[in-house]
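The sequence lines fix the lettering, A, B, ..., with proteins before strands; numbering per chain opens at 1.
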There are 2 protein chains.
Amino acid sequence: MTTEQAFTHAALIRQAIEQQISSGLLRPGHKLPSERDLSELFATTRITLKEALQALEAEGKIYREDRRGWFVAPPRLLYNPQYKSHFHQMVTAQQRQVETAVLSAQTVLATPALCQELELPALSRLHEIQRLRRIDGRVVLFVRHYLKPEIFPGILAMDLTQSLTLIYETHYGLSYGRSRFDIIPTAARGEVAQALMLGEGSPILLISRVNFDQDGRLIDCDQEYWRHDAIRISIDSSLVTPPFPLEK
Amino acid sequence: MTTEQAFTHAALIRQAIEQQISSGLLRPGHKLPSERDLSELFATTRITLKEALQALEAEGKIYREDRRGWFVAPPRLLYNPQYKSHFHQMVTAQQRQVETAVLSAQTVLATPALCQELELPALSRLHEIQRLRRIDGRVVLFVRHYLKPEIFPGILAMDLTQSLTLIYETHYGLSYGRSRFDIIPTAARGEVAQALMLGEGSPILLISRVNFDQDGRLIDCDQEYWRHDAIRISIDSSLVTPPFPLEK
DNA sequence: GAGTGGTCTAGACCACTGA
DNA sequence: CAGTGGTCTAGACCACTCT
């Protein structure tokens, strides 16, 4: 009753693979055999096998790269969004390797949703910076930054593979003070799915932030699309009385 | 290039259903036709149809209850884990209906993981309270609380359908001060899957908290298993300098 | 008891990856 | 170019829900 019963074929396959992983026979990053080989090994069809793999994927034990196959998942990165740290340092503090690639950097027309989020008038312009982060060589994060152009003149011409936090400090004398962030489990689509090497509709974690500087001025926002299996968010917080009425 | 191209059969089906929902023809809570009917409607097989439905599910647009069918998803609940509020009030403040059911309340032997989390010696005992929350009639949250028995004598005999926060205050003079919480996208298994009416391996969001009282004493912890499509976590926080070294 | 979703079989073709 | 994953077909049986 406490331990789980699993009689379906797919569940048995899942457990078998799970044990191979937890026993250490399959190590993080290891590629699993092809779906055809595995389905033959477990005497089943690819569809049934796929179901087992998808359950392990949802749990974060294995992951898939679009059209490349299945791999054993590395441990999750610990991520505290309250730290005003440079991403690079957060990762290296966990003995992991990090790379950043700039996908695009341009000035765009703010969408209605962005205007609202950033408290802008209609038809405003924003700097958009799209970047991709790898940890230990694996793509885990696609980020879209939107900066207020009047606060960050000329930033698009700089080397944007380095930490934005660092550029803010050294070139503009700004540092983050406060943030509001939303965390939403959703699915990857289009550009996001492609960048993260995910199939359309794969579950991901979206962290949407609005950031204020040390003087409480709204300066930028970003949308972080994480592979759902790549992180564990950890937050330490004193609790506050909510703004809505608390009657007994 | 900006809008998504979708040529697979499954993607076309997804879009069609998506439009029916966003147009308001299918309202939250509405049950979709049977998979057989839908697959006939779209001139495809159940497997292909299912793929379309699963993508919409991952995105949180529709949801499934095990063996009952597919439904249009209601809007996500806004959830701020920093609020020391009674769950009931947080939900009603958003004009939603809430119900709480107690699944079990007993004293159990603390698992090794729990001993570590709660800084307990080996072979400690804990009060375990398992509850299920519904919003607007829909099961969205399964919670396991673990309380230190010496701090909460006799609590298991009380009416546990009401707010624990309230019981803490009125019967024990305690209120929450600080919390540490981890947020982990993972998959439902066994008891959790059953309670949430999910299939084995469905993606869920686990929020694991450790709570301290107003004097900084560790008093309890809980594991909240949320339907991934039921919430949007919203946190407002001042940013802090991380504990690990920040060299340039 | 009818209908539904859960599970599974046994194939197939295409587009892409990687050698 | 061989092999792989992505996608799809056309069925089937069982266990469960709901009326």
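Of the candidates B:Leu196, B:Leu206, B:Ile204, B:Leu77, B:Trp226 forms a side chain to side chain contact (heavy atoms under 4.5 Å, CB included) with just one, namely B:Leu77.
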If you apply the rule side-chain contact (heavy atoms from CB on, under 4.5 Å), what do you find for B:Gln162 with B:Ile167, and how did you get there? CA-CA 8 Å; B:Gln162 55 177 323; B:Ile167 296 179; 3.9 Å; yes
Residues B:Arg144, B:Glu191; criterion salt bridge (charged side-chain N to carboxylate O under 4.0 Å, His left out); working and verdict: CA-CA 11 Å; B:Arg144 259 196 278 259; B:Glu191 220 178 343; 3.4 Å; yes
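Ion pairing of B:Asp222 with B:Arg131 is absent here, as no side-chain N (NZ or NE/NH1/NH2) approaches a carboxylate O to less than 4.0 Å. Ion pairing between a basic and an acidic side chain is recognised when a charged N comes within 4.0 Å of a carboxylate O; B:Asp229 and B:Arg64 show no such pairing. By the 4.0 Å N-to-carboxylate-O rule, A:Arg76 lies too far from A:Glu59 to be salt-bridged with it. Salt bridge B:Glu99/B:Arg133: absent, no basic N to carboxylate O contact under 4.0 Å.
Listed candidates were D:dC13, D:dG5, C:dC8. Nearest to the side chain of A:Arg46 is D:dG5. The side chain of A:Thr44 lies closest to C:dT9, out of C:dC8, D:dC18, C:dT9. Residue A:Arg36 places its side chain closer to D:dG6 than to any other of D:dT9, C:dT7, D:dG6.
Within 4.0 Å (heavy atoms only), B:Ser34 reaches sugar-phosphate atoms of the nucleic acid but no base atom.
One can place CD1 of B:Ile47 at 11 Å from P of C:dC8, the figure rounded to the nearest angstrom. Here D:dC8 presents its C1' atom at 16 Å from CG of B:Leu53, a figure rounded to the nearest Å. Counting to the nearest Å, the P atom of D:dG5 and the CZ atom of A:Phe71 are 9 Å from each other. Between the CD atom of A:Glu40 and the P atom of D:dG3 there is a distance of 13 Å, given to the nearest Å. The nearest whole Å value for the distance from the CD atom in A:Glu35 to the P atom in C:dA12 is 18 Å. At whole-Å resolution of the value, CG in A:Leu49 and C1' in D:dT4 are 13 Å apart. Remark: P of C:dT9 and CZ of A:Phe42 are 13 Å apart, rounded to the nearest angstrom. For the pair A:Gln194 CD and D:dG6 P, the computed distance is 14 Å after rounding to whole Å.
An OP1 or OP2 oxygen of D:dT4 is reached within less than 4.0 angstrom by no side-chain nitrogen or oxygen of A:Lys31. Contact check, A:Arg68 against C:dC16: no side-chain N or O comes under 4.0 Å of OP1 or OP2. Considering only side-chain N and O atoms, A:Lys50 lies nowhere under 4.0 angstrom from the phosphate OP1 or OP2 of C:dC8.
Residues from residues 56-67 of chain A that place a heavy atom under 4.0 Å from any atom of DNA chain D, listed by number: A:Arg64, A:Asp66, A:Arg67.
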